[in-house]
Amino acid sequence: MSSEPTPELTTHGVGPWPGGSESWPDGEEYDPELLAHGDTRNVIDRYRYWRMEAIVADLDTRRHPFHVAIENWQHDMNIGSIVRSANAFLADTVHIVGRRRWNKRGAMVTDRYQHVVHHDDISAFAEWARSEGIPIIAVDNVDGAVPVDRAELPERCVLLFGQEGPGLTAEAIAAAAGHIEITQYGSTRSINASAAAAVIMYEWCRRHAG
């Protein structure tokens, strides 16, 4: 049985490492400030007291080969939540297409651990995807879209989501190699954009994550 001291759990993380600096664990991944004062960040136990840079470096060793892209023409409030889900499902990178600025409140600071890049428009985004050999999979309930439970979902791909309300633009739909949707059973035409993104990312992980 390990004799290592157990940090005090709080309602918002863990307190200072017990026993003072003499009992701190060894390793460059640990942050002295967090060890001294506690870690209130929303991170899994594996990363308690770790430096942010060390967490990112560790995530980079095992990120999944799918990307997430979001059109951002109307400063959609859902983008932050999608970034948070992308972090939870260990997406490679999130691509913001359109406006560079986006509302980060819903990300709950997970954007610090998630690679996020910007593309000016769909044309630039599509050129990036072509150069990387990554197929674009558009997610929207448009004519010809295949329900995700029956659709091909490549292991290496970029999942492209539209904005709340208008969905994907015609340019985005045209740039995609595949079009998928989520089967619904009620009266509403669509579900929340961030909820849809989480469903699709989970389905990717269910099929491909080890």
Side-chain angles (χ1 to χ4, degrees), residues 44 59 62-98 102-108 110-111 113-119 122 125-126 128-130 132-210:
I44 60 175
L59 292 174
R62 54 192 184 86
R63 289 189 192 275
H64 293 138
F66 77 91
H67 297 240
V68 174
I70 315 119
E71 286 195 290
N72 182 32
W73 310 114
Q74 299 178 347
H75 205 56
D76 194 336
M77 297 285 287
N78 287 281
I79 292 178
S81 295
I82 294 174
V83 170
R84 183 179 182 182
S85 293
N87 171 268
F89 293 114
L90 202 58
D92 184 294
T93 302
V94 173
H95 303 260
I96 308 295
V97 182
W102 54 280
N103 192 309
K104 297 184 178 181
R105 180 174 298 180
M108 300 289 289
T110 54
D111 56 297
Y113 308 96
Q114 178 64 53
H115 299 303
V116 180
V117 301
H118 174 259
H119 305 270
I122 286 294
F125 166 68
W128 166 83
R130 280 192 296 271
E132 295 292 325
I134 299 178
I136 298 172
I137 307 298
V139 183
D140 204 350
N141 52 354
V142 295
D143 289 343
V146 180
V148 67
D149 53 301
R150 303 200 304 268
E152 180 182 355
L153 202 57
E155 184 173 11
R156 189 166 184 259
C157 64
V158 53
L159 305 168
L160 175 58
F161 300 92
Q163 299 176 108
E164 191 74 23
L168 287 168
T169 61
E171 292 82 2
I173 293 172
H179 305 82
I180 62 177
E181 64 181 1
I182 299 169
T183 301
Q184 298 169 202
Y185 302 94
S187 61
T188 184
R189 181 183 179 278
S190 63
I191 61 176
N192 174 269
S194 61
V199 168
I200 299 296
M201 283 186 259
Y202 175 80
E203 176 63 15
W204 185 99
C205 290
R206 189 186 69 82
R207 297 190 197 186
H208 299 298

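Note that this is a predicted model, so its numbers are computed, not measured.
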Item checked: Heavy-atom side-chain proximity of Val68 to Val158 below 4.5 angstrom -> no
Next item on the list: State whether the side chain of Trp204 and the backbone N or O of Phe66 hold a donor-acceptor pair below 3.5 Å, judged by distance alone.
Entry: no
Note to self: Nearest 0.5 Å, please: how far is CG in Asn87 from CG in Leu59?
What the structure shows: 6.5 Å
Next item on the list: Please identify each residue that fulfils salt bridge (Lys or Arg N to Asp or Glu O under 4.0 Å) with Glu181, with sequence neighbours left out.
Entry: none
Notebook entry, point to check: Judged by atom type as modelled, is there a donor-acceptor pair below 3.5 Å linking the side chain of His179 to the main-chain atoms of Ile173?
Noted result: yes
Check: Counting distance only, does the side-chain N/O of Trp73 pair as donor-acceptor with the main-chain N or O of Gln163 below 3.5 Å?
Finding: no
Checklist line | Arg63: partners by side-chain hydrogen bond (donor to acceptor under 3.5 Å, both in side chains), with sequence neighbours left out | finding: Asp60
Check: Measuring from Phe89:CZ to Glu203:CD, what's the distance to the nearest 0.5 Å?
Finding: 11.0 Å
Item checked: Side chain Gln114, main chain Ala91, donor-acceptor under 3.5 Å -> yes
Checklist line | Glu71 side-chain N/O to Ala172 backbone N/O, donor-acceptor pair under 3.5 Å | finding: no
Check: Can you tell if the side chain of Asn192 reaches within under 4.5 Å of the side chain of Asn78, non-hydrogen atoms only?
Finding: yes
Notebook entry, point to check: Heavy-atom distance under 4.5 Å between the side chains of Val97 and Asn72, does that happen here?
Noted result: no
Next item on the list: Please name the pair of heavy atoms, one in Met201 and one in Ala86, separated by the smallest distance, quoted to 0.1 Å.
Entry: SD-CA, 3.6 Å
Next item on the list: Please round to the nearest 0.5 Å and tell me the distance separating atom CE of Met108 and atom CZ of Arg84.
Entry: 5.0 Å
Next item on the list: Say whether, by atom type as modelled, one donor and one acceptor occur between the side chain of Gln184 and the main chain of Thr188 under 3.5 angstrom.
Entry: yes
Notebook entry, point to check: Can you tell me how far the OH atom of Tyr113 sits from the CG atom of Leu90, to the nearest 0.5 Å?
Noted result: 14.5 Å
Next item on the list: Only counting residues at least two apart or in another chain, list the ones meeting salt bridge (Lys or Arg N to Asp or Glu O under 4.0 Å) with Arg105.
Entry: none
Next item on the list: Quick one: list whatever passes side chain to side chain contact (heavy atoms under 4.5 Å, CB included) with Ser81, sequence neighbours left out.
Entry: Ser194
Check: In Å, rounded to the nearest 0.5 Å, how long is the span from CD1 of Ile136 to CG of Leu160?
Finding: 6.5 Å
Check: Where do Ala193 and Glu164 come nearest, in terms of heavy atoms and distance?
Finding: N-OE1, 2.7 Å
Donor-acceptor pairs are to be reported for all side-chain atoms of residues 139-153 against protein atoms at under 3.5 Å, with residues two or more places apart or in another chain.
| from | atom 1 | to | atom 2 | distance (Å) |
| --- | --- | --- | --- | --- |
| Asp140 | OD2 | Leu168 | N | 3.0 |
| Asn141 | OD1 | Arg189 | NH1 | 3.4 |
| Asn141 | ND2 | Arg189 | O | 2.7 |

Notebook entry, point to check: Could you give the distance from CD1 (Ile182) to CD1 (Ile191), rounded to the nearest 0.5 Å?
Noted result: 4.0 Å
Notebook entry, point to check: Can you find a pair of side-chain heavy atoms, one from Val94 and one from His115, that are under 4.5 Å apart?
Noted result: no
Next item on the list: Could you note down all residue pairs passing side chain to side chain donor-acceptor pair (under 3.5 Å) where residues 89-98 supplies at least one of them, sequence neighbours left out?
Entry: His67-His95, His95-His119
Notebook entry, point to check: Do Asp111 and Trp102 have side chains that get closer than 4.5 Å, going by heavy atoms?
Noted result: yes
